[in-house]
A.B. asks: 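I have a structure I would like to understand better, so I am pasting it below and will then ask my questions one at a time.
The sequence lines fix the lettering, A, B, ..., with proteins before strands; numbering per chain opens at 1. Reckoned from all heavy atoms, side chains included, excluding hydrogens, waters and symmetry mates.
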There are 2 protein chains.
Amino acid sequence: MDEIEKVLKIHNVRPTATRLLMYKFLRDLNVAVTLNDIESGFDKSDRTTLYRTIKTFEKHGLVHQIDDGTGVAKYALDEPTSTDINSQSLHLHFHCTNCNDTICLTDHKIPHINLPEGFITRDMNLVLKGFCDKCSHV
Amino acid sequence: MDEIEKVLKIHNVRPTATRLLMYKFLRDLNVAVTLNDIESGFDKSDRTTLYRTIKTFEKHGLVHQIDDGTGVAKYALDEPTSTDINSQSLHLHFHCTNCNDTICLTDHKIPHINLPEGFITRDMNLVLKGFCDKCSHV
DNA sequence: AAAATTCATGCAACTTAAGTGCATTAAACA
DNA sequence: TGTTTAATGCACTTAAGTTGCATGAATTTT
């Protein structure tokens, strides 16, 4: 059985053709993608199907959504090694304002923040903006 | 002359009726508001005018836009004491997933992050999510 | 002060992304 | 095989953001 097929099944996602293709598509990139990016990579499939596919992935912990401030949702594969759902979201993201790429800095965790009395933190989102390694020395 | 009128003029914004009202509206809140929130607070004005007004404020450093992950842009007044434009954006924001309020934690700055070689940071956005002080002890 | 210019406002329309309803098709299971 | 459950595709809707253009108000120039 295919490797990707295994991953999907482990996460309780039925391995249909579209899903296998989308997983491969995401895996072969190292940047987060919008639904439009995905759409451009697939000739056949309908936009709605792709939308629902990525949402299915998200619900089952295969991808996480990233809000980089551009106003358009992006998605990136979770680390396959991760067991804890919440640890995924606690890494930070870098958004290059030049090439518009957004990447996961998975080994950069968000530092702890002390909040005022009464505030309970359940999740955090940190996006750094600037020039990525490809765009900084141009 | 009105106090608000002075503030606008200092920032090179002509103090029209709509602008004075919107400034007062924002000042009397302690949460960030969406364009819809603003619209609800004004019977008379047109949506476009309010949109352009808040964008004018933003351009002239009177407000900053906050992206709290809800998908809708929010705005909050800058600290009037600030001289540096960039220091405004470096405080962090808290978004309550219960009441949907988003507030500026102006005296909580974003800690420094060491990035890999080649990355240049120009801006950062940190949003903590969870329960605010009003919603946590319910 | 009148004319000219610049800026603000209001209305309509457009764009883009996100999301839903429903019928059809495919897969899984009893 | 027949039944049920899930996935897909098409059409349509919603919501936020944004622009074009004509009108109205304010500021500047003559």
A.B. asks: Whole angstrom is fine here: how far is it from CG in B/Asp43 over to C1' in C/dT9?
C.D. replies: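 Taking CG of B/Asp43 and C1' of C/dT9, I get 17 Å after rounding.
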
A.B. asks: Closest-nucleotide mapping onto DNA chain C: is A/Asn36 or B/Thr53 further toward the 5' terminus? I mean the 5' end.
C.D. replies: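 The residue closer to the strand's 5' end, by nearest nucleotide, is B/Thr53.
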
A.B. asks: Is the backbone of A/Arg14 close enough, under 3.5 Å, to the side chain of A/Arg19 for a donor and an acceptor to pair up by distance?
C.D. replies: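 It does hold such a pair.
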
A.B. asks: I want to check one thing: is the phosphate of C/dA8, taken as OP1 and OP2, less than 4.0 Å away from some side-chain N or O of B/Thr18?
C.D. replies: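 Checking C/dA8 against B/Thr18, no side-chain N or O comes under 4.0 Å of OP1 or OP2.
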
A.B. asks: Identify whether any heavy atom of A/Ser45 sits under 4.0 Å from a base atom; if not, whether one sits that close to sugar-phosphate; answer base, sugar-phosphate or nothing.
C.D. replies: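 Sugar-phosphate contact only.
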
A.B. asks: Answer yes or no: does a side-chain N or O of A/Thr49 lie under 4.0 Å from OP1 or OP2 of D/dG9?
C.D. replies: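 Indeed, a polar side-chain atom of A/Thr49 lies that close.
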
A.B. asks: Quick one: does any side-chain atom of A/Ser40 pair with a main-chain N or O of A/Asn36 as donor and acceptor, under 3.5 Å?
C.D. replies: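 Side chain of A/Ser40 to backbone of A/Asn36: a pair is present.
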
A.B. asks: Is it the case that the side chain of B/Ser136 and the backbone of A/Gly118 share a donor-acceptor pair, with hydrogens and angles ignored and the cut-off at 3.5 Å?
C.D. replies: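 Pair found, side chain donor or acceptor close to backbone of A/Gly118.
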
A.B. asks: C/dA8 C1' sits how many Å from B/Tyr23 OH, rounded?
C.D. replies: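 My rounded result for the distance is 20 Å.
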
A.B. asks: Would you kindly give the NE2-to-P distance between A/His60 and D/dA6, to the nearest whole Å?
C.D. replies: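 Interatomic distance, NE2 of A/His60 to P of D/dA6: 10 Å.
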
A.B. asks: Within the structure provided, determine whether A/Phe94 and B/Thr121 are in side-chain contact (heavy-atom separation under 4.5 Å).
C.D. replies: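 When only atoms from C-beta onward are counted, B/Thr121 and A/Phe94 do touch, with a gap below 4.5 Å.
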
A.B. asks: Could you work out which one of D/dG17, C/dG10, D/dA7 sits closest to the side chain of B/Leu35?
C.D. replies: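 That would be D/dG17.
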
A.B. asks: Is it the case that atom NZ in B/Lys55 sees more than 12 heavy atoms from other parts of the structure closer than 6.0 Å?
C.D. replies: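 Check passes, neighbour count above 12.
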
A.B. asks: Do B/Thr102 and B/Lys74 pair up side chain to side chain, a donor and an acceptor below 3.5 Å, judged on atom types alone?
C.D. replies: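 A pair is found: one side chain offers a donor N or O, the other an acceptor, under 3.5 Å apart.
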
A.B. asks: Using whole Å, what does the distance between atom P of nucleotide D/dA16 and atom CD of B/Gln65 come to?
C.D. replies: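 Nearest whole value for this atom pair: 14 Å.
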
A.B. asks: Find the distance B/Asp46:CG to D/dT18:P and express it as a whole number of Å.
C.D. replies: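 Going from CG in B/Asp46 over to P in D/dT18 covers 16 Å.
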
A.B. asks: Scan A/Asn100, A/Asp67, A/Asp101 and name whichever one has a side-chain hydrogen bond (donor to acceptor under 3.5 Å, both in side chains) with A/His95.
C.D. replies: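 Considering A/Asn100, A/Asp67, A/Asp101, a side-chain hydrogen bond (donor to acceptor under 3.5 Å, both in side chains) with A/His95 is found only for A/Asn100.
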
A.B. asks: At under 4.0 Å between heavy atoms, which parts of nucleotides 19-30 of chain C does protein reach? Answer with one letter per nucleotide, 5' to 3': B base, S sugar-phosphate only, - none.
C.D. replies: SBBB-----S--

A.B. asks: Let me know the distance between CG of A/Asn12 and P of D/dA7, rounded to the nearest Å.
C.D. replies: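 Value for this atom pair: 11 Å.
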
A.B. asks: Rounded to the Å, how far apart are B/Asp67 CG and D/dG17 P?
C.D. replies: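 Those two atoms, CG and P, are 10 Å apart.
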
A.B. asks: Write down the distance between CG (A/Leu50) and P (D/dA7), rounded to a whole number of angstrom.
C.D. replies: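 In whole Å, D/dA7 P and A/Leu50 CG are 15 Å from each other.
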
